[in-house]
Structures are given as structure tokens and as C-alpha cells.
Protein chains: 2
Amino acid sequence: MASNTVRERILRSGRRITPQRDAIAGILERAEQPVSAQELCDAVGEVDPQIGRATVFRTLQSLMEAGLVQRITIPGAETRYLLCSTAEHHHHLVCRECGAVEELPERGVASFLARVEREHRFLVDHATFDVYGTCARCAGREPEPAARP
Amino acid sequence: MASNTVRERILRSGRRITPQRDAIAGILERAEQPVSAQELCDAVGEVDPQIGRATVFRTLQSLMEAGLVQRITIPGAETRYLLCSTAEHHHHLVCRECGAVEELPERGVASFLARVEREHRFLVDHATFDVYGTCARCAGREPEPAARP
DNA sequence: TTGATTGCAAAGTGTTTGCAACTAG
DNA sequence: CTAGTTGCAAACACTTTGCAATCAA
């Protein structure tokens with residue numbers, strides 16, 4: 001099988017590697033949590049102040065189209081971007097404490113969606129399912145975790 | 001039990017009824033599908049061109065706080081607002097054909113969330129679960145419905 | 001009466017675009 | 001070589017804010 005570095009994945013998607021994309025991908029790769037466009041711009045600026053906002057946005061868009069990056073839209077907060085291990089459709093568990101994101105494979109959601117389809121006679125085309133809360137590690141530290149699904 | 005008109009619900013939430021709010025709520029009420037802020041501004045403008053954008057946004061915010069309105073954030077599209085029959089937390093099935101929105105009660109999602117909590121050792125605080133596809137009525141008309149969960 | 005609400009216009013965000021210059025493949 | 005990519009700055013879309021005037025309860 002082909003190499004799975006981000007660079008390889010970009011190349012395989014028929015896109016060019018440029019220093020800018022390399023920098024942006026690197027930041028996303030190192031980030032332990034989803035990054036906002038603004039944060040990304042700032043971080044990129046530290047690598048090379050020459051790189052402009054437009055490039056950051058265009059790169060994100062490009063990487064999203066390539067399936068390398070997914071955008072998660074936290075309602076009431078900013079849009080954030082994260083490098084995904086797989087281009088397949090999946091969902092996220094986002095920890096509010098540490099920002100860590102766990103990927104929830106589509107498989108886990110599929111059976112539930114099937115039930116929705118059956119019960120509501122609704123043909124599902126796309127579903128967003130993002131869960132916010134406290135991850136196991138952070139829950140271990142906290143005395144009184146919130147709980148309101 | 002108390003009356004359940006939108007006016008009543010606004011009043012009961014300790015907010016004032018104003019002609020502007022009445023107009024905005026009326027539009028949301030008549031809309032068969034979620035409305036974007038822009039559309040709302042336009043529609044409101046037809047009722048009374050005097051009503052400004054700021055008022056529309058402030059009213060939406062107010063109604064959201066009161067639990068009358070919910071905002072749904074379609075990834076890659078605009079934010080839309082819709083009047084909800086209940087202030088309780090719930091999710092939506094949105095038909096891409098006709099725009100109709102069906103409310104999916106939290107109850108239906110709860111057991112699924114419980115499983116996620118168990119399997120991922122994750123304390124769920126809030127989950128967004130919005131489903132896009134084709135409703136039964138539209139599916140009946142269409143020869144080849146899309147299907148890619 | 002009086003605090004909530006409004007209109008206006010101006011300021012913020014966050015994101016996109018046009019275009020000439022540049023460069024990876 | 002040449003289509004894809006970039007930087008810049010300006011344009012855009014959407015939402016929020018300050019403030020004085022107004023109005024619902």
C-alpha cells in the first residue's frame with residue numbers, strides 16, 4: 001500500500017506540494033485539537049510571515065476536497081479544521097476540556113441511522129453527528145462533570 | 001394549560017411582544033422550512049421596510065434563548081432558523097427536496113448516545129445530530145433517490 | 001413610569017475573489 | 001514549459017455593537 005504521510009496523500013489526490021501547503025499540513029498534523037482558521041493563520045505566520053490568509057483558506061478548501069481535512073462547525077463557536085485519518089465519512093467526539101477529538105466511525109452510526117430511516121420513512125443522504133462532552137482522561141481529573149445530553 | 005401561540009410563548013418567557021417580533025415570529029411560523037437570516041430580513045422588509053437587520057438578529061437571539069427558535073448550521077451552507085414546537089433539546093430531519101423539517105425527539109437519540117458514552121468512555125454534554133435526505137413524500141415522487149449515508 | 005426594545009450606521013468577524021507573478025512537476 | 005498555486009488588497013457576507021429615541025406593560 002502507498003505511504004500515508006500527509007504529503008503522500010496530497011500528492012495522490014493530484015495536488016501539488018508547496019512549502020505553504022507543507023507548513024499548513026504540518027501544523028494541522030501536530031495540532032492535538034481542531035484548529036480555527038485564525039489560529040492556523042497565526043501559526044503559519046510564525047513559520048513564514050509571507051503566507052497570506054487567502055492561501056490558508058484555499059489550502060484548507062483544497063485539503064477538504066481531497067478528504068484530508070474535515071471542518072467541524074461547532075454551533076455558536078468558530079469553524080474548526082482537523083486532519084482526518086480517513087477520507088471516509090465519520091463523526092466526532094469533541095472534549096470540551098482538552099479539545100481532543102476522537103473519531104467515531106460511520107459504522108457506529110449506521111445502524112442508528114437505519115432505524116431513523118425506518119421509523120421516519122426518510123431517505124438519509126447525509127448526517128452530521130458531533131458530540132461534545134468530556135473525554136475519559138479529563139473526566140478522571142474532574143470532581144463534578146456536567147451531564148446533560 | 002396555557003395557550004401555545006407563539007405570542008403566548010414569548011410572553012411567558014418574560015419578553016415583550018412588539019410589532020417587529022410579531023412580524024418575525026409570524027414569518028417563521030408560516031415558513032414551511034428553516035429560514036436564513038437574510039431571507040428573514042427580506043421577508044420582514046416586505047411587512048415593514050423600517051425593521052432593520054439588527055432587530056432581526058436580536059429577535060432571533062432572543063427567541064433562541066427563550067427556546068422558541070433553534071438554529072441549524074448546515075455545514076457548507078448558511079445558518080438557518082426555525083420555530084420549534086418544544087423548547088426541549090431535539091434534532092432534525094431536513095428534506096433536501098422540499099425543505100420540510102421533521103423533529104426528532106431527544107428520546108430517539110438518547111439510547112444511542114448512551115451506547116457512545118459506554119463504548120468511548122465519554123461524558124456527553126451536548127450532541128448535534130442533523131440529518132439531511134429525502135422525506136417520504138418527496139421520495140414517492142422521485143424515480144431515483146440518492147442514498148449515501 | 002421605566003426598563004426593554006428599536007433603528008441607524010458603523011465596526012467586527014470570517015471568508016472569498018481578481019489578478020499578476022511565481023513555481024512544482 | 002504551463003497549469004496549478006500564491007500574495008496582496010479589496011470585496012463580501014454575515015453578525016454584533018453603541019447610542020439616542022421609542023414603546024410595551
Side-chain angles (χ1 to χ4, degrees), chain A residues 5-27 34-66 68-81, chain B residues 5-27 34-66 68-81:
Chain A
T5 67
V6 176
R7 293 173 59 101
E8 293 288 345
R9 293 175 70 197
I10 293 176
L11 277 177
R12 253 181 294 136
S13 76
R15 263 157 265 252
R16 290 183 183 172
I17 299 281
T18 66
Q20 293 87 340
R21 287 184 179 175
D22 214 23
I24 291 167
I27 289 162
V35 181
S36 71
Q38 187 54 55
E39 288 166 357
L40 204 45
C41 287
D42 295 346
V44 158
E46 283 175 26
V47 176
D48 178 354
Q50 210 64 344
I51 301 176
R53 259 173 295 284
T55 300
V56 171
F57 278 101
R58 281 189 283 224
T59 299
L60 283 173
Q61 217 165 292
S62 192
L63 295 183
M64 280 194 289
E65 279 159 20
L68 285 174
V69 162
Q70 206 167 112
R71 159 161 66 188
I72 77 179
T73 311
I74 308 179
E78 332 121 79
T79 306
R80 291 178 166 273
Y81 303 82
Chain B
T5 67
V6 176
R7 293 175 58 102
E8 292 289 346
R9 293 175 71 197
I10 293 176
L11 277 176
R12 252 182 293 136
S13 76
R15 264 157 264 253
R16 292 182 182 172
I17 299 280
T18 66
Q20 293 88 338
R21 287 183 180 176
D22 215 22
I24 292 167
I27 289 163
V35 182
S36 71
Q38 186 53 56
E39 287 167 356
L40 204 43
C41 286
D42 295 346
V44 158
E46 283 175 26
V47 177
D48 178 354
Q50 212 63 345
I51 301 175
R53 261 172 293 284
T55 301
V56 171
F57 278 101
R58 280 189 284 223
T59 300
L60 282 173
Q61 217 165 289
S62 191
L63 295 183
M64 279 195 289
E65 279 159 20
L68 285 174
V69 162
Q70 206 167 112
R71 160 160 66 187
I72 77 179
T73 311
I74 309 179
E78 332 122 81
T79 306
R80 291 178 166 274
Y81 303 83

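Computation of the quantities below employed the complete heavy-atom set of this structure, encompassing side-chain atoms and omitting hydrogens, waters and symmetry-equivalent molecules.
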Q. Which parts of residues 14-23 of chain B get close to DNA chain C, meaning a heavy atom less than 4.0 angstrom away?
A. B:Arg15, B:Arg16, B:Thr18, B:Gln20, B:Arg21
**Q.** Touch class at under 4.0 angstrom, heavy-atom based, for A:Leu11 against every strand present
**A.** sugar-phosphate
**Q.** Donor-acceptor under 3.5 Å (A:Thr59 side chain, A:Thr55 main chain)
**A.** yes
Q: Report which part of the nucleic acid B:Ser62 touches: base, sugar-phosphate, or nothing (heavy-atom distance under 4.0 Å, all strands).
A: nothing
Q: Applying side-chain contact (heavy atoms from CB on, under 4.5 Å), run through B:Met64 and B:Arg71 and close with a yes or a no.
A: CA-CA 8 Å; B:Met64 279 195 289; B:Arg71 160 160 66 187; 3.6 Å; yes
(Q) Between A:Pro34 and A:Gln70, is there a side-chain heavy-atom distance shorter than 4.5 Å? (A) no
(Q) Can you measure A:Arg80 atom CZ to C:dG14 atom P for me and round it to whole angstrom units? (A) 10 Å
**Q.** Point-to-point distance, once rounded to the nearest 0.5 Å, from CZ of B:Arg53 to CG of B:Asp42
**A.** 9.0 Å
Q: Could you tell me the separation between the CD atom of A:Glu39 and the P atom of C:dG14, rounded to a whole number of Å?
A: 10 Å
Q | Axis deviation across the helix from C:dT1-D:dA25 to C:dG25-D:dC1, five-pair ends, to the nearest 10° | A | 50°
Q | Range on DNA chain D touched by chain B - first to last nucleotide, heavy-atom distance under 4.0 Å | A | D:dT15 to D:dA25
Q: Whole angstrom is fine here: how far is it from OH in A:Tyr81 over to P in C:dG14?
A: 11 Å
(Q) Just verifying a value: how many Å separate B:Arg80 CZ and B:Gln38 CD, rounded to the nearest 0.5 Å? (A) 11.0 Å
Q | Least distance between heavy atoms, A:Val56 atom then A:Ala37 atom | A | CG1-O, 4.5 Å
(Q) Please determine whether the number of non-hydrogen atoms from other residues, nucleotides or ligands lying under 6.0 Å from atom CZ of A:Arg15 exceeds 12. (A) yes
Q: Would you indicate whether the side-chain heavy atoms of A:Ile17 and A:Leu11 approach each other to under 4.5 Å?
A: yes
Q: Let me see the working for A:Arg9 and A:Thr5 under side-chain contact (heavy atoms from CB on, under 4.5 Å), right down to the final yes or no.
A: CA-CA 6 Å; A:Arg9 293 175 70 197; A:Thr5 67; over 6 Å; no
Q. In whole angstroms, how far is the C1' atom of C:dG7 from the CZ atom of B:Phe57?
A. 15 Å
Q.
Need one value for B:Ala54: base, sugar-phosphate or nothing, where a base atom within 4.0 Å counts as base even if backbone is also close, heavy atoms only.
A. base
**Q.** Side-chain touch A:Val6/A:Ile10, heavy atoms, less than 4.5 angstrom
**A.** yes
Q. Taking atom C1' of C:dC22 as reference, at what distance in whole Å does atom CD1 of A:Ile51 sit?
A. 14 Å
Q | Side-chain N or O of A:Thr79 closer than 4.0 Å to phosphate OP1/OP2 of C:dT15 | A | yes
Q.
For the CD atom of B:Glu39 and the CD1 atom of B:Ile27, what is their distance to the nearest 0.5 Å?
A. 11.0 Å
